[in-house]
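Structure first, then comments.
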Number of protein chains: 2
Amino acid sequence: MISISRETDYACRVILHLGMLPVGQRVTAQEIARQRIVPRALIRRVVTRLGAAKLVTTTRGSGGGLALARPASEISLRDVVEAMEGAIALNTCVIYPRECPLVKACPVHEAWTNARVALVRELSQATFDKLAARGQMLGA
Amino acid sequence: MISISRETDYACRVILHLGMLPVGQRVTAQEIARQRIVPRALIRRVVTRLGAAKLVTTTRGSGGGLALARPASEISLRDVVEAMEGAIALNTCVIYPRECPLVKACPVHEAWTNARVALVRELSQATFDKLAARGQMLGA
DNA sequence: TACAATGAGACTAGAATAGTATCATTTGGA
DNA sequence: TCCAAATGATACTATTCTAGTCTCATTGTA
């Protein structure tokens, strides 16, 4: 099955949760883990990656926690997926064409590229301000 | 990195190769492996799966080999990917919504579904008659 | 009957996935 | 000053997936 990893799914829950808070409000990773059903030990790794990708800012110590590093309208599903999984390639040859011995005369390469463009476009449109608004409606 | 497996890439090479042959002509898996740079032992598994998915027909014995089970215009990248990888899900919750404890109120679920639709649409449009024609042009 | 081809599946090495656990570091407040 | 709360970094395990090799059975043609 072609799918993102579970960690990426958890990362989406973290960003969504933060996007639904009043702007600038911090919350601890443990609190998100509890409310969004993410394993407590795992969420640490997720938060670290999101921080490294500069999608969230973190503060340590008592009273610390995390918040979005920029407005939810400027963070999309694409950003989260790329932060967690690396490139959205579909096929390795799209990202590393040199490694494919056939790529010069390969008509399929072009098809993968087209499909990748369509997928990335869709994921880019899914910004977390929209997702958060929809979440409020659904009562999540 | 989000990507298909190498076996799926090999499967595309097999279908492309068959699509570029005169209609109805058979060729052995070994011959495809040689021309398309696929490991000889691996292509067996690929052909078996493509046969199980009814994308190719096989005949055993001397003079045997494989051919497309239907016109190349009726086989798309989507068919090959689904035959090899199973569902194109993007996220497990798209295929198995019951396994996600949050899905009832999850705004992200919808976004994954939209992205999946866009991706599948694109892969469905890439039929192997077009790919084969382009392959002839490129001299593959 | 001999040979050529696919069918089925066991086997290996290595990498990725999912989850747990530990210790260090930073910060705020009693 | 010291404790508790929080993240940072990373090691560890078990399981599954990936990529590839190999062997033997089965089928069909000459």
Side-chain angles (χ1 to χ4, degrees), chain A residues 1-14 18 25-34 36-67 69 81 84-87 89 91-92 99-101, chain B residues 1-14 18 25-34 36-69 81 84-87 89 91-93 99-101:
Chain A
M1 191 172 72
I2 288 192
S3 174
I4 59 168
S5 72
R6 200 166 291 211
E7 269 188 35
T8 301
D9 187 73
Y10 294 152
C12 293
R13 299 185 196 184
V14 169
L18 294 174
Q25 182 169 336
R26 285 191 182 277
V27 66
T28 68
Q30 291 311 308
E31 182 57 21
I32 300 178
R34 199 180 58 74
R36 301 287 172 171
I37 315 179
V38 177
R40 302 200 164 197
L42 238 176
I43 203 168
R44 174 111 326 126
R45 243 184 358 229
V46 171
V47 167
T48 301
R49 296 206 73 156
L50 291 175
K54 302 198 174 162
L55 296 179
V56 304
T57 59
T58 58
T59 56
R60 291 183 172 189
S62 150
L66 35 153
V81 171
M84 299 300 293
E85 306 264 346
N91 197 348
T92 306
E99 289 181 14
C100 177
Chain B
M1 191 173 71
I2 290 192
S3 175
I4 59 168
S5 71
R6 199 166 293 210
E7 269 190 35
T8 300
D9 187 74
Y10 293 153
C12 293
R13 299 186 196 183
V14 169
L18 294 174
Q25 182 170 335
R26 284 190 182 277
V27 66
T28 68
Q30 291 310 306
E31 182 58 21
I32 300 178
R34 199 179 58 74
R36 300 288 172 171
I37 314 180
V38 177
R40 303 200 164 197
L42 236 179
I43 204 169
R44 175 112 326 127
R45 239 181 6 224
V46 171
V47 167
T48 301
R49 295 206 73 155
L50 292 175
K54 302 200 173 160
L55 297 179
V56 303
T57 59
T58 58
T59 57
R60 291 181 171 190
S62 155
L66 35 153
L68 295 185
V81 172
M84 299 300 293
E85 306 265 346
N91 197 347
T92 306
C93 66
E99 289 181 14
C100 177

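Residue numbers start from 1 in every chain, and the chains themselves are labelled A, B, ... in the order their sequence lines are given, proteins ahead of strands. All values derive from a computational prediction rather than experimental measurement.
- For T92(A), the side chain to side chain contact (heavy atoms under 4.5 Å, CB included) partners are Y96(A), E99(A), M1(B), S3(B), not counting sequence neighbours.
- When each of A29(B) and S62(A) is assigned the nucleotide of DNA chain C with its nearest heavy atom, A29(B) is the one assigned upstream, toward the 5' end.
- Expressed to the nearest 0.5 Å, how far CD1 of I2(B) lies from CD1 of I2(A) amounts to 8.5 Å.
- Every residue two or more places apart in sequence or in another chain was checked for a side chain to side chain donor-acceptor pair (under 3.5 Å) with Q30(A), and none qualifies.
- Shown for residues 46-59 of chain A: no residue has heavy atoms falling under 4.0 angstrom of DNA chain C.
- In this structure the side chain of L66(A) reaches within 4.5 angstrom of the side chain of I32(A), judged on heavy atoms.
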Just list the side-chain donor-acceptor pairs under 3.5 Å for residues 54-64 of chain B, sequence neighbours left out, or say none.
unit_1, atom_1, unit_2, atom_2, d
T57(B), OG1, R26(B), NH2, 3.1
T59(B), OG1, G65(B), N, 3.4

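- With sequence neighbours excluded, the residues satisfying side chain to side chain donor-acceptor pair (under 3.5 Å) with S5(B) are T8(B), E85(B).
- With contacts defined as side-chain heavy-atom distances shorter than 4.5 Å, the pair L18(A)/Q25(A) does not qualify.
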With sugar-phosphate taken as primed atoms, P, OP1 and OP2 and all else as base, the protein-contact string of nucleotides 13-24 of chain C at under 4.0 Å (heavy atoms; B, S, -) is -----BBB----
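- With a cutoff of under 4.0 Å to any heavy atom of chain B, the contacted region of DNA chain D is bounded 5' to 3' by dA19(D) to dT29(D).
- Put simply, CE on M84(B) and OH on Y10(B) are 11.0 Å apart, with the number rounded to the nearest 0.5 Å.
- For L66(B) and dA5(C), the CG to C1' distance is 10 Å, given to the nearest whole Å.
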Which side-chain N or O atoms in residues 38-47 of chain B pair as donor and acceptor under 3.5 Å with protein atoms at least two apart or in another chain?
unit_1, atom_1, unit_2, atom_2, d
R45(B), NE, E7(B), OE2, 3.3
R45(B), NH2, E7(B), OE2, 2.8

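- Residues meeting the salt bridge (charged side-chain N to carboxylate O under 4.0 Å, His left out) test with R49(A), sequence neighbours left out: none.
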